[in-house]
There are 2 protein chains.
Amino acid sequence: MHKFQIYSIFVVGMVTITDIAKALGVTPSTVSRALSGSPRVKEETRKAVQQAAREMGYERNVLASNLRRGRSDIVGIIVPRIYREFFSKVIGGAESILNAAGYSVLICQTHEKKDAEIRALRTLRKNQVAGVLMSHSFESDDPAPIAEALGEGIPLVQFDRVFRSLPGAKVVNDNFESAYAATRHLIANGYRRIGHFAGYETCELFVDRYRGYCKALEDCGMAVDESIVFKDTIVRETGREAALRALDLGCDAIYSAGAFSALGAIEALKEKGLRLPEDIGVVGTSNEIFTEMMSPSLTTLDQHAYEMGQAAAKAFLFGSQATTLISMELHIRESSSRKSICQE
Amino acid sequence: MHKFQIYSIFVVGMVTITDIAKALGVTPSTVSRALSGSPRVKEETRKAVQQAAREMGYERNVLASNLRRGRSDIVGIIVPRIYREFFSKVIGGAESILNAAGYSVLICQTHEKKDAEIRALRTLRKNQVAGVLMSHSFESDDPAPIAEALGEGIPLVQFDRVFRSLPGAKVVNDNFESAYAATRHLIANGYRRIGHFAGYETCELFVDRYRGYCKALEDCGMAVDESIVFKDTIVRETGREAALRALDLGCDAIYSAGAFSALGAIEALKEKGLRLPEDIGVVGTSNEIFTEMMSPSLTTLDQHAYEMGQAAAKAFLFGSQATTLISMELHIRESSSRKSICQE
DNA sequence: GGAATTTGTGCAAACGTTTGTATTTTTGTG
DNA sequence: CACAAAAATACAAACGTTTGCACAAATTCC
């Protein structure tokens, strides 16, 4: 004969801790503590509660729990666009870590719009999420509204596109080193007048890539020519236009800070009748799936998106405030593989 | 001098309706009704409450609201993979409608796994979402666990991949008609032995595509040859293998129920030295971005994913129980555009 | 064997909102 | 002006959980 006896397991509606308490002849507080693993209940009681909960089909009402605790077990992830290979892989990486740690993931996309971003932050704050992982939109150039919309008390982890001035953890690629390596690769393949498709100046990662590009040229004794550095050249269409101008300006290679602009460039160059990599070489950044499929396949820097997502999730879990660097990897494909003329 | 006078607007912590009530000398219930648009408050009172709320920086505590109302303003969307162009567009379409209607969207991906799917459904139910839009994973072949995990009381809208036997609204493509049209297109381009890459038999949409393919052949006086119908051929790798077998079996064209399997087929065929569309024609389903970029570009059926998402969201909002049909559109590209021999 | 400590439960007050019912105030009618 | 009806507001009880504090029982200590 046990001390705890279940008197009745029939309950109308959802089973609550109060029902369990009544059934066992204890109080709701004891049930709550037993189920949440508090050390303040006897092991025997915990067992009885757990069994009763199982038998009665209890499920914790997370809404009530959240209200009382003032926070939920949801982590928000804000990205510009979910279908970008890069972001979807980051999300996948973050999910794998967060789910294992008992969190659910709420995904929001901003479509690169500032106001959608603010709305997403507000929604997350109102739902009192446990934390936010975010990569800001291109449109937002000011960290202040972000900090305001998120409010205090919710940890923010920024990844890829970060505002240095916001507090909290950051996870970014080694943009400087990788751009350096990509440019050196072009030089090693004998290209001599290398243009650059740069991104937005408000976005640190693009500035770092630009700097890496400059450093590589300088280290090889080449001068940086600002006339063949094309700003804000990230999407397919601007890539097409810039490629044609680069051609007019005598370029024999392009290092693009984006993948879609590199795609546009290759399309435009092919239409002009140029052969890649013989006549002109192209290297892009961000390893979208199409970079491998297109013809010629595109040499790119792989961002290790999955690892970035994992790193961001871990930074949240451990409450880190540090900046993590994820290295990129150069995938050498057809678009830049000319016989090496200038061996290093 | 107004009737309502704000006595104090200084509050520690978050502002609640009780604070507003105190400030105005009314009760929380009146404030609640005023803010939620109940007709049972005087217009003058409503104005005063709204102004006070604004001035005091009030924000409704959605957790408390959800607990009391027993549901939230979140709609869950469950998809196999967010980075699939198709699903991300569906999500985009659903988002546009749901956000406008005051809902937030919680996205979950199952990675085609049954247990991840069940976990997602449980999480959503526990958070008492207002509804769920879902496209089930390939792995799940039984609707019963889905119904059980979601429980009762949460409306379910299925899209694309649906279980006919589950109650609730469904939004699907006109798979039969479109497969028919795609196959007729190949016939019209002079192809005479057309193989089919079919999907999983547990998934209705693939069965419908198969039936459309058969009907087209029959209508043109061609017999269906089961030896050139390749089951479970949906991913890139199986597409490669099936293409080689199809070739051995004398096929001069393939209608694939997937896009990635069509991609694999084209890769394999090109490696074999075949010319497309001259030697062999290929049509795929699902308009992924790479279908347009590859060489030769792939003729596909565009699923109008965005519209499907919008339709699913509307079905939820209006509480529909009907099945909506979204038509697919044949995008004719290089992979099947042989000079027409047999004009219709 | 009594005092001090530890251990396990109970009590009750939150968390902030919503809502059925009761009560007051206002309006309308003869 | 009295009285009924309607309109506006107040009251109070939820929703289900968590948690500080109090209290009893069991254990330890000298």
Side-chain angles (χ1 to χ4, degrees), chain A residues 2-4 11-50 52-53 56-74 125-128 130 153, chain B residues 2-4 11-50 52-53 56-74 125-128 130 153:
Chain A
H2 282 74
K3 181 179 170 193
F4 295 103
V11 176
V12 292
M14 281 281 113
V15 179
T16 71
I17 54 170
T18 312
D19 298 323
I20 298 178
K22 277 189 193 136
L24 291 175
V26 296
T27 58
S29 35
T30 301
V31 175
S32 173
R33 279 191 265 259
L35 291 175
S36 63
S38 158
R40 284 179 51 191
V41 294
K42 214 196 297 186
E43 209 44 46
E44 187 192 346
T45 312
R46 186 190 311 283
K47 287 268 163 55
V49 168
Q50 284 170 339
M56 298 172 72
Y58 170 77
E59 284 187 36
R60 167 196 261 125
N61 182 322
V62 301
L63 259 40
S65 174
N66 291 348
L67 171 61
R68 178 60 230 237
R69 293 183 308 148
R71 67 181 210 86
S72 71
D73 288 330
I74 293 179
R125 170 165 51 87
K126 285 193 160 194
N127 283 279
Q128 312 206 27
Chain B
H2 282 73
K3 180 179 170 195
F4 295 104
V11 175
V12 292
M14 282 281 113
V15 179
T16 70
I17 55 170
T18 312
D19 298 323
I20 298 178
K22 278 190 193 137
L24 291 175
V26 296
T27 58
S29 39
T30 302
V31 174
S32 173
R33 279 192 257 261
L35 292 175
S36 63
S38 160
R40 283 178 50 189
V41 294
K42 216 196 300 187
E43 210 41 48
E44 187 193 344
T45 312
R46 186 189 311 282
K47 287 266 162 57
V49 168
Q50 284 171 338
M56 297 170 74
Y58 170 76
E59 283 187 38
R60 164 196 266 128
N61 182 323
V62 301
L63 260 41
S65 174
N66 291 349
L67 171 60
R68 179 59 231 239
R69 293 182 310 148
R71 65 181 210 84
S72 71
D73 288 330
I74 294 178
R125 169 164 53 84
K126 285 192 160 193
N127 282 279
Q128 311 204 29

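Just so you know, these numbers use all the heavy atoms, side chains as well, and skip hydrogens, waters and symmetry mates. Naming convention: chains lettered A, B, ... in sequence-line order (proteins, then strands); numbering from 1 in each chain.
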Q) Mind checking whether A:Asn66 and A:Gln128 have side chains closer than 4.5 Å, heavy atoms only? A) no

Q | Whole-Å gap separating C1' (C:dT26) and CD (B:Glu44) | A | 13 Å

Q. Just by modelled atom types, is the B:Arg71 backbone N or O under 3.5 Å from a matching donor or acceptor in the B:Arg69 side chain?
A. yes

Q: Take atom NZ of B:Lys42 and atom P of D:dA10, then tell me their distance rounded to the nearest Å.
A: 11 Å

Q: Please report, rounded to the nearest Å, how far the P atom of C:dG10 is from the CD1 atom of A:Ile20.
A: 14 Å

**Q.** Interatomic distance, A:Arg40 CZ vs C:dT7 C1' [rounded to whole Å]
**A.** 9 Å

Q | Residues B:Glu43 and B:Arg46 bridged, charged N to O under 4.0 Å | A | yes

Q: For nucleotides 11-18 of chain D, just jot down a letter per nucleotide in 5' to 3' order: B, S or -, based on protein non-hydrogen atoms under 4.0 Å.
A: BBBBBBBB

Q | B:Leu63 CG to C:dT18 P, straight-line distance once rounded to whole Å | A | 12 Å

Q. Do A:Thr30 and A:Thr27 have a side chain donor and acceptor closer than 3.5 Å?
A. yes

Q: Can you see which heavy atom on B:Met14 is nearest to which on B:Asp19, and at what distance?
A: O-OD2, 3.6 Å

Q) Once you round to the nearest 0.5 Å, how far does CD1 of A:Ile74 lie from CG of B:Asn127? A) 4.5 Å

Q. A:Lys47 has an atom NZ; how far is it from atom P of C:dG8, in whole Å?
A. 13 Å

Q: Output yes when at least one side-chain N/O atom of A:Thr45 is less than 4.0 Å from OP1 or OP2 of C:dG8, else no.
A: no

